[in-house]
Each structure stands twice: as structure tokens, then as C-alpha cells.
Novice: 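Can you keep this structure in mind? I'll have questions shortly.
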2 protein chains.
Amino acid sequence: MNKININFIAKLRTSGLRPTKQRLKICDILFNREKTFHFSINDLTKILEIEHNEKISLATVYNTVHAFKKKGYLKEIHIGNEMSYFDTNTSSHHHFYDEQTKELTDISSNEVEIKKIPSPPSGKKIDGAEVIFKISKKI
Amino acid sequence: MNKININFIAKLRTSGLRPTKQRLKICDILFNREKTFHFSINDLTKILEIEHNEKISLATVYNTVHAFKKKGYLKEIHIGNEMSYFDTNTSSHHHFYDEQTKELTDISSNEVEIKKIPSPPSGKKIDGAEVIFKISKKI
DNA sequence: ATATAGTTTAGAATTATTATAAAGTATGAA
DNA sequence: TTCATACTTTATAATAATTCTAAACTATAT
Ligand SMILES: [Mn+2]
Ligand SMILES: [Mn+2]
Ligand SMILES: [Zn+2]
Ligand SMILES: [Zn+2]
């Protein structure tokens with residue numbers, strides 16, 4: 001029960017989510033980080049089990065992640081394979097993606113400038129653009 | 001047995017794939033088009049069943065699509081949901097993506113120009129960039 | 001024609017995800 | 001403090017996309 005947790009308790013309460021110990025533990029893992037975090041449900045489950053020795057039901061991990069997504073604390077990303085990834089950076093931003101390691105790295109919006117933008121299909125408007133830079137090990 | 005099929009027969013043979021009637025039918029559906037085609041396995045299966053009255057085993061549809069991908073005739077795309085999409089445009093290119101209709105539209109590489117490019121993580125090199133422009137119905 | 005390797009197929013298995021419903025818990029009111 | 005209640009967790013079942021398996025079938029070379 002540290003200050004950090006108290007902040008999460010408040011944040012969850014004001015979101016209309018009860019601060020259960022499962023949710024607080026997941027908050028701690030996801031949001032007590034310097035850099036943004038990209039993870040699959042499987043990643044998160046393994047971190048809970050192995051690094052934190054917590055056995056939270058898989059259904060609860062899914063429920064929690066989806067609840068956080070719905071409240072706007074996580075963004076879902078589909079990239080590279082059949083699993084969903086989640087991103088603690090919920091802003092519109094770009095990514096480096098290494099197909100070998102399947103690693104995602106953030107690029108902030110202001111680091112990329114798209115000069116020439118195509119005109120959208122008729123009757124449609126452009127809501128945003130996200131770039132994926134494929135990267136690989138330098139030889 | 002038209003000219004088009006004869007071309008597919010040759011193409012398959014030179015790829016080391018036997019021109020079976022299942023593969024030729026799928027070639028006909030996928031590659032006899034003006035515009036590039038984005039489809040899921042489910043889409044293709046339904047086109048086969050409903051539009052062409054062909055009952056090709058689901059395993060064969062998967063096998064064929066993956067064989068074509070391996071030979072470089074299709075590109076796999078992961079976007080928007082948990083299903084894979086395949087793209088008859090195998091070049092590096094960009095897309096419009098409508099989240100409502102889940103429709104993908106091609107944008108050729110020369111219609112987009114990325115002015116400012118971020119520097120890759122150390123030890124990594126950039127292999128390419130693909131942009132997804134999210135679009136929606138104009139109000 | 002025949003042999004052989006490649007292909008198709010139905011069905012089982014696997015994997016990611018979602019649904020169900022019973023047991024447990026946070027919270028506000030009495 | 002109870003207590004009632006709605007919310008949450010959980011094990012388990014169900015679903016959906018995909019892959020595996022092994023037997024039947026077929027294209028191709030000889
Ligand atoms: Mn999802
Ligand atoms: Mn795939
Ligand atoms: Zn990100
Ligand atoms: Zn495309």
C-alpha cells in the first residue's frame with residue numbers, strides 16, 4: 001500500500017471501476033513504467049505468474065484489460081500475428097516493428113511527418129494516420 | 001479452359017505448384033481482377049461456395065492461400081481484428097482502413113511521402129514503412 | 001500403365017478469445 | 001457495524017480462427 005497504489009485506487013474509483021487487488025496489481029505492472037509498454041494477454045499473464053507470483057484467473061486478465069481499454073487507459077493493436085497486443089500509450093502514434101523479435105517500439109507523432117497525403121475515397125474522411133516502420137537487425 | 005487458365009497453369013507449374021482444379025479456381029477468383037483484392041479466408045470460402053458453387057475443403061483453402069503467400073503471390077495483413085487478411089497486392093504499399101465497414105483500400109507507394117523519418121533503435125535498420133489511414137463516413 | 005510425390009479432404013487438435021454462472025467482495029445505506 | 005446489492009472474480013465451457021493428421025486422391029514422369 002504505497003502512494004502509487006493510492007493513486008490507482010483513486011483513478012479506478014473515478015472511472016467507475018472498483019479497486020480490487022487484481023486490478024491494482026495489473027495497474028502496478030502496466031502503468032508504473034517509464035516507457036510505454038506493449039504486451040499481449042499472454043505476456044501479462046506470465047509477468048503476473050512468474051515475476052509477481054500472482055495467480056489471477058485468465059478471464060480476469062481479459063476482463064481487466066478490456067475494462068481498461070474501454071476506459072481509455074489502453075489501446076488495442078493488431079500487428080504481425082493473430083494475437084492482440086495492448087499499448088499503454090493511448091495517443092495516436094507510430095511504431096517500429098521488428099518482425100524477428102516481434103518487438104514494438106513507440107515513435108511519437110511529432111517524429112514523423114507525412115508530406116503527401118492521398119485523397120480519401122469519395123464520401124470518406126481521414127481520421128488519422130499511423131505508420132509502421134519495419135526494422136531488422138543491422139548486418 | 002480459357003486463355004486465362006492456361007496462364008495460371010503455366011504460372012503454377014513454374015512455381016512448382018501443380019495446377020489442380022482447386023488452385024485454378026482460386027487463382028481465377030483472386031487474380032482475374034482489375035483492382036487489388038483484400039480478403040479473409042472466410043471471404044474466399046464464401047465466394048467459392050456462393051458465387052461459384054464450389055465446395056473446396058476449408059483445409060485446402062488455407063493450404064492454397066498459404067502456398068500462394070509463400071510463393072509471393074499474396075501478402076498477409078493483420079489489421080483491425082483477430083482474423084488474417086490477404087492482399088493480392090504484394091508490393092510495399094499503404095492502405096485506407098474503414099473501421100466501420102472493415103474495408104481496406106490500396107494506396108500506392110508514390111501517393112504518400114514521408115518527410116520526417118525517425119532514427120531507428122540502435123543496431124537496427126529501417127526496411128520499409130507502411131501507413132494506415134483510418135477513414136470513416138463523411139458526416 | 002505404373003510409381004511416386006504432391007494434393008485434397010474430413011475431422012481432430014490447438015490457440016486465442018468470449019460466455020456462463022456460481023462464489024466472492026467492495027460499497028453505501030441502515 | 002451489519003446488511004443488501006451490485007460489481008467482480010473465477011473455473012469452466014463455448015466459440016472462432018487456424019493448424020495438424022492421416023487416409024484417399026491425382027498430376028506427372030517414366
Ligand atoms: Mn480483441
Ligand atoms: Mn497466419
Ligand atoms: Zn505504442
Ligand atoms: Zn493492399
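Quick caveat, the model's predicted, so the values are computed rather than measured. Lettering of chains follows the sequences in order, A, B, ..., and the numbering in each one begins at 1. Below, each value reflects all heavy atoms present in this structure, side chains not excepted, and no hydrogens, waters or symmetry copies.
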Novice: Would you say the side chains of A:D87 and A:H93 form a donor-acceptor pair under 3.5 Å?
Specialist: yes

Novice: Does the side chain of B:N42 come under 3.5 Å of the side chain of B:T45 through a donor N or O and an acceptor N or O?
Specialist: no

Novice: Regarding A:S15 and A:Y73, do their side chains bring together a donor and an acceptor under 3.5 Å, going by distance alone?
Specialist: yes

Novice: Is there a side-chain polar atom (N or O) of B:Q22 under 4.0 Å from OP1 or OP2 of D:dT26?
Specialist: no

Novice: What's the closest nucleotide to the B:T64 side chain, out of C:dT8, D:dT18, D:dT9?
Specialist: C:dT8

Novice: Parallel, tilted or perpendicular: which describes the rings of B:F133 and B:F96, with under 30° parallel and over 60° perpendicular?
Specialist: tilted

Novice: Residues of residues 40-48 of chain B with any non-hydrogen atom less than 4.0 angstrom from an atom of DNA chain D: list those, numerically ordered, please.
Specialist: none

Novice: Evaluate the ring planes of A:F68 and A:F31, with Trp represented by its six-membered ring, and classify them as parallel (under 30°), tilted (30 to 60°) or perpendicular (over 60°).
Specialist: tilted

Novice: Might you work through the side chain to side chain contact (heavy atoms under 4.5 Å, CB included) test for A:V112 and B:I117, ending with a clear yes or no?
Specialist: CA-CA 5 Å; A:V112 175; B:I117 292 178; over 6 Å; no

Novice: Taking 4.0 Å as the cut-off, does a side-chain nitrogen or oxygen of A:H66 come that near to OP1 or OP2 on C:dT17?
Specialist: no

Novice: Just to be sure I understand the geometry, which residues of residues 52-62 of chain A put a non-hydrogen atom under 4.0 Å away from DNA chain C?
Specialist: A:L58, A:A59, A:Y62

Novice: For B:K102, does the NZ atom have more than 12 heavy-atom neighbours from other residues, nucleotides or ligands under 6.0 Å away?
Specialist: yes

Novice: Take atom NZ of A:K125 as the centre, draw a 6.0 Å sphere, and report whether it contains more than 12 heavy atoms from other residues, nucleotides or ligands.
Specialist: yes

Novice: For A:H38 and A:D106, does a side-chain donor sit closer than 3.5 Å to a side-chain acceptor?
Specialist: yes

Novice: Step by step, would you call A:T105 with A:H95 a side chain to side chain donor-acceptor pair (under 3.5 Å)?
Specialist: CA-CA 5 Å; A:T105 315; A:H95 290 101; over 6 Å; no

Novice: In whole angstrom, what separates B:N63's CG from C:dT9's P?
Specialist: 10 Å

Novice: Each nucleotide in nucleotides 24-30 of chain C should get exactly one letter: B, S or -. Can you fill that in based on protein heavy atoms under 4.0 Å?
Specialist: -BBS---

